[in-house]
**Q** 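Just dropping this structure here.
Each chain gets a letter, A, B and so on, in the order its sequence line appears, and its residues count up from 1.
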Amino acid sequence: MQTRPMRWLRKNVVVLAGVLALGYLILPNLVVLAFSFNKPKGRFNYTWNHFSTDAWQHPCGVADMCGSLTLSLRLAVYATIGATVLGTMTAFALARYRFRGRAATNMLIFLPMAMPEVVMGASLGTLFLNMRIRFGFWTILIAHTMFCLSFVVVAVKARVMSMDPRLEQAAQDLYATPAQTFLRITLPLAAPGIAAGALLSFALSFDDYIITSFNAGNTVTFPMFVWGSAQRGTPVQVNVIGTAMFVVAVLLVVAGQLVGGRRRGART
Amino acid sequence: MTTEPTAAPGDAVRLSALSKTYGSFTAVHPLDLTVPAGSFFALLGASGCGKTTTLRMIAGLEDPTTGSVALGGKDVTALPPYKRPVNTVFQNYALFPHLDVYENVAFGLRRRGIKSVKQQVGDMLDLVQLGGMARRKPHQLSGGQQQRVAVARALINKPEVLLLDEPLGALDLKLRRQMQLELKRIQTEVGITFIHVTHDQEEAMTMADTVAVMNAGRVEQLGAPADLYENPGSTFVANFLGTSNLIEAEVTGTSGGDIQLVAAGQRLTLPAARCGAEVTTGGRVLAGVRPEKIALVHRDDEDAIAEGRNRVPGRIVDSSFIGVSTQYVIDSPVCPELEVFVPNVERDGRLVPGAPVVLHWNPAHTFGLDAAQDIDAGLDADAVEAALSPDGAGTAAEAAV
Ligand SMILES: Nc1ncnc2c1ncn2[C@@H]1O[C@H](COP(=O)(O)OP(=O)(O)OP(=O)(O)O)[C@@H](O)[C@H]1O
Ligand SMILES: [Mg+2]
């Protein structure tokens, strides 16, 4: 005979584990959210003082913060576009064609993911220095595009490899030229992989600190700004930006789910 | 046995010395084949004999190792698939998973720049009885429904040649019959040339004008279904298409149009016209006879058998009643397992396992084959097939009855 609490546990253990994991993930975000409404007593926003919406009303009220934020967003968008285009093409080449150095390329693509960021950032910095390239926006962009590339290649390649080549053959059999086949069949089928790669790239580029700091020169990205100000006292606005980012991301995901769900529902 | 390619523009498909080699493995040996325009042509063979490979070379999806493909008198060997007036129903359907049924079916029309596809697609979906499912995605369909979408998607383009790679394999028996009739009707109506690949011999025989039996990358024999059945040219065809009793016999001489044979002391007669093999007195030959051509009497009634018929003694090993007929397995000195199908008109109660019997048949129903071949060729393939297809076990019997 099982006791009642045991039975309850058996039934709800999955839910319980899920709630705990979710709590573990969300709790820090909730703290950030709460402290975005704080009015700290000193320069550090670590202890609760009293409620205020000042920071939300003046999100750019801190010198240089919004400039670094715009810079980071721009970098993330460009790096995402660059890495997604290059990475998708690389993934197709690796998945579809046999050529000399294919195995080596496959290995090298993994390197940026496997290598410690410090090592990569430092060596990239040395390279730029030796090539006498001035540090700044472009060096950061090159660095970001490089490490995002690996993630895009991996995501897209997995998708392309699992695609049935007979679908493209069927399209060609139905009078689609190679270009039409790519646009109508290949690309839509690979789209989830490409989207995953792009989202990952954006997130990785936006919050990268280590590699950026080796290649930025005087340029200050948002993560670098947060790090820098944390030495002297963090402004509440950082929490505002953090919370806003979190909410936007959640809304995007929810919207995606809703659209997908509606489409799936309409079909049945 | 293949037909010689001749340069007739009326031929929908002409394959000349077409072959395909993967590394050291030859999937299709040099193949010469002509399919007349408007005909229903079946490619029949066991799994792995090269049927799909042949179709793919016609469609342009596989580069032939040697040889050429001509469609409607034009050489298309160098043309890419999208420029060939051919459509394929793929063995695994290959439906586009991101498009719904409607868009799948409309795909070919749209690629050719046809704007108003609604009417055509609607008609085609009604034809394959999927009218209500136009907005479903392929993964929301059953296997049989997917298969019908695949047929509709190819058929709607009214190509010169439609290639069907086992298009009905996943359907249940009833739907399969229905689709067979439907396909046949469409084919006659629209006048499209069909090349239909199947490993179901019954399907091939009921649907096709011409059947080519393939074995291990070669076409063994080609002809009208009844012709193939009555006059198999090799042991493979004899065993693969229905059931055959093959008796190894020695040639004792020829008289008139007949060849005299002796097998285990029994004299048999074989019409010379029905023997494809070279015969010399003292040589060996395989005498074949279909199970339904043989009559069975109890040994006590042997005297009632008319003169001039081939007769063989034996003992019933097994009998199974299958409704329209009873199938007997006979152990005889000439062959350890002779099969006899007797229609259930008047059943003789003495014909039970163990009973001594005499088998007799009209000598004109005997065919002769070269004794140098493997007498069991095609039997294993048949067994595999029976295991694979849901009604495989019944087809041999049904075809023979
Ligand atoms: N890409 C390939 N590489 C090597 N061998 C292949 C390749 N494609 C097919 N084959 C071989 O060629 C032979 C013929 O294959 P094919 O697909 O034409 O058979 P099939 O007659 O259609 O069989 P089934 O009835 O099972 O569909 C098989 O033995 C198969 O293993
Ligand atoms: Mg096949």
Side-chain angles (χ1 to χ4, degrees), chain A residues 84 88 91-92 95-100 102 155-199 255-268, chain B residues 52 55-56 58-62 79-114 132-141 146 149-150 152-159 161-165:
Chain A
T84 305
T88 301
F92 269 99
R96 285 290 169 78
Y97 302 99
R98 331 239 123 221
F99 50 87
R100 257 159 83 125
R102 180 166 164 274
V156 178
K157 204 176 104 198
R159 184 81 195 173
V160 175
M161 298 271 263
S162 70
M163 251 159 63
D164 186 353
R166 275 169 292 203
L167 293 176
E168 285 160 300
Q169 294 173 358
Q172 298 225 351
D173 186 66
L174 293 163
Y175 313 108
T177 60
Q180 286 173 330
T181 305
F182 184 78
L183 276 181
R184 306 254 167 209
I185 305 296
T186 317
L187 211 52
L189 288 177
I194 298 175
L199 281 177
Q257 293 277 338
L258 280 182
V259 170
R262 174 129 8 100
R263 239 188 250 153
R264 228 163 292 133
R267 276 179 237 139
T268 34
Chain B
T52 298
L55 275 203
R56 288 172 58 82
I58 299 174
L61 299 171
E62 204 81 68
L79 283 190
Y82 57 93
K83 287 192 180 152
R84 298 191 187 196
V86 176
N87 289 113
T88 309
V89 179
F90 286 78
Q91 187 165 12
N92 63 344
Y93 327 140
L95 299 177
F96 306 129
H98 60 298
L99 300 178
D100 60 21
V101 168
Y102 184 95
E103 285 304 323
N104 262 286
V105 174
F107 193 88
L109 295 180
R110 292 205 199 279
R111 296 293 81 71
R112 284 183 299 158
I114 296 165
M133 307 200 175
R135 288 302 161 198
R136 288 211 195 169
K137 290 276 172 86
H139 70 90
Q140 297 169 313
L141 300 175
Q146 292 181 23
V149 177
R153 184 179 71 173
L155 198 57
I156 196 169
N157 301 294
K158 305 225 162 36
V161 182
L162 188 69
L163 307 173
L164 302 113
D165 198 349

**Q** With sequence neighbours excluded, tell me which residues meet salt bridge (Lys or Arg N to Asp or Glu O under 4.0 Å) with A:R166.
**A** A:D164
**Q** What verdict does the side chain to side chain contact (heavy atoms under 4.5 Å, CB included) test give for A:R184 and B:F96, after you've listed the backbone C-alpha separation in whole Å, the side-chain angles of each residue and the deciding distance to 0.1 Å?
**A** CA-CA 10 Å; A:R184 306 254 167 209; B:F96 306 129; over 6 Å; no
**Q** Can you find a heavy atom in the side chain of A:L174 that is under 4.5 Å from one in the side chain of B:R112?
**A** no
**Q** Considering residues at least two apart in sequence or located in another chain, which fulfil the salt bridge (Lys or Arg N to Asp or Glu O under 4.0 Å) criterion with B:R84?
**A**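 Salt bridge (Lys or Arg N to Asp or Glu O under 4.0 Å) list for B:R84, sorted by chain: empty.
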**Q** Can you say whether A:Q172 sits under 4.5 Å from chain B via the side chain, the backbone, both, or neither, judging by heavy atoms?
**A**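 Both parts, heavy atoms under 4.5 Å.
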**Q** Less than 6.0 angstrom from the centroid, inside 45 degrees of the normal: does B:R111 satisfy that with respect to the ring of A:Y175?
**A** no
**Q** Please report the closest heavy-atom contact between A:A170 and B:A94, naming both atoms and the distance.
**A** CB-O, 3.8 Å
**Q** Among B:L163, B:N92, B:L109, which has the most heavy-atom pairs under 4.5 Å with chain A?
**A**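 The option with the most such pairs is B:N92.
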**Q** Please classify the contact of A:L189 with chain B as side chain, backbone, both or neither, using a heavy-atom distance under 4.5 Å.
**A**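 Side chain of A:L189 only, per the 4.5 Å heavy-atom cut-off to chain B.
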**Q** Can you tell me how far apart OG1 (A:T181) and OH (B:Y82) are? Round to the nearest 0.5 Å.
**A**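 Between atom OG1 of A:T181 and atom OH of B:Y82 there are 8.5 Å.
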**Q** Around atom CZ of A:F99, are there more than 12 heavy atoms of other residues, nucleotides or ligands at under 6.0 Å?
**A** yes
**Q** Under a 4.5 Å heavy-atom cut-off, does chain B meet the side chain of A:A171, its backbone, both or neither?
**A** both
**Q** Taking C-beta and beyond as the side chain, do A:P188 and B:L99 meet within less than 4.5 Å on heavy atoms?
**A**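 They are not in side-chain contact.
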**Q** Between A:L167 and B:P97, what is the shortest heavy-atom contact and its length?
**A** CD1-CD, 3.7 Å
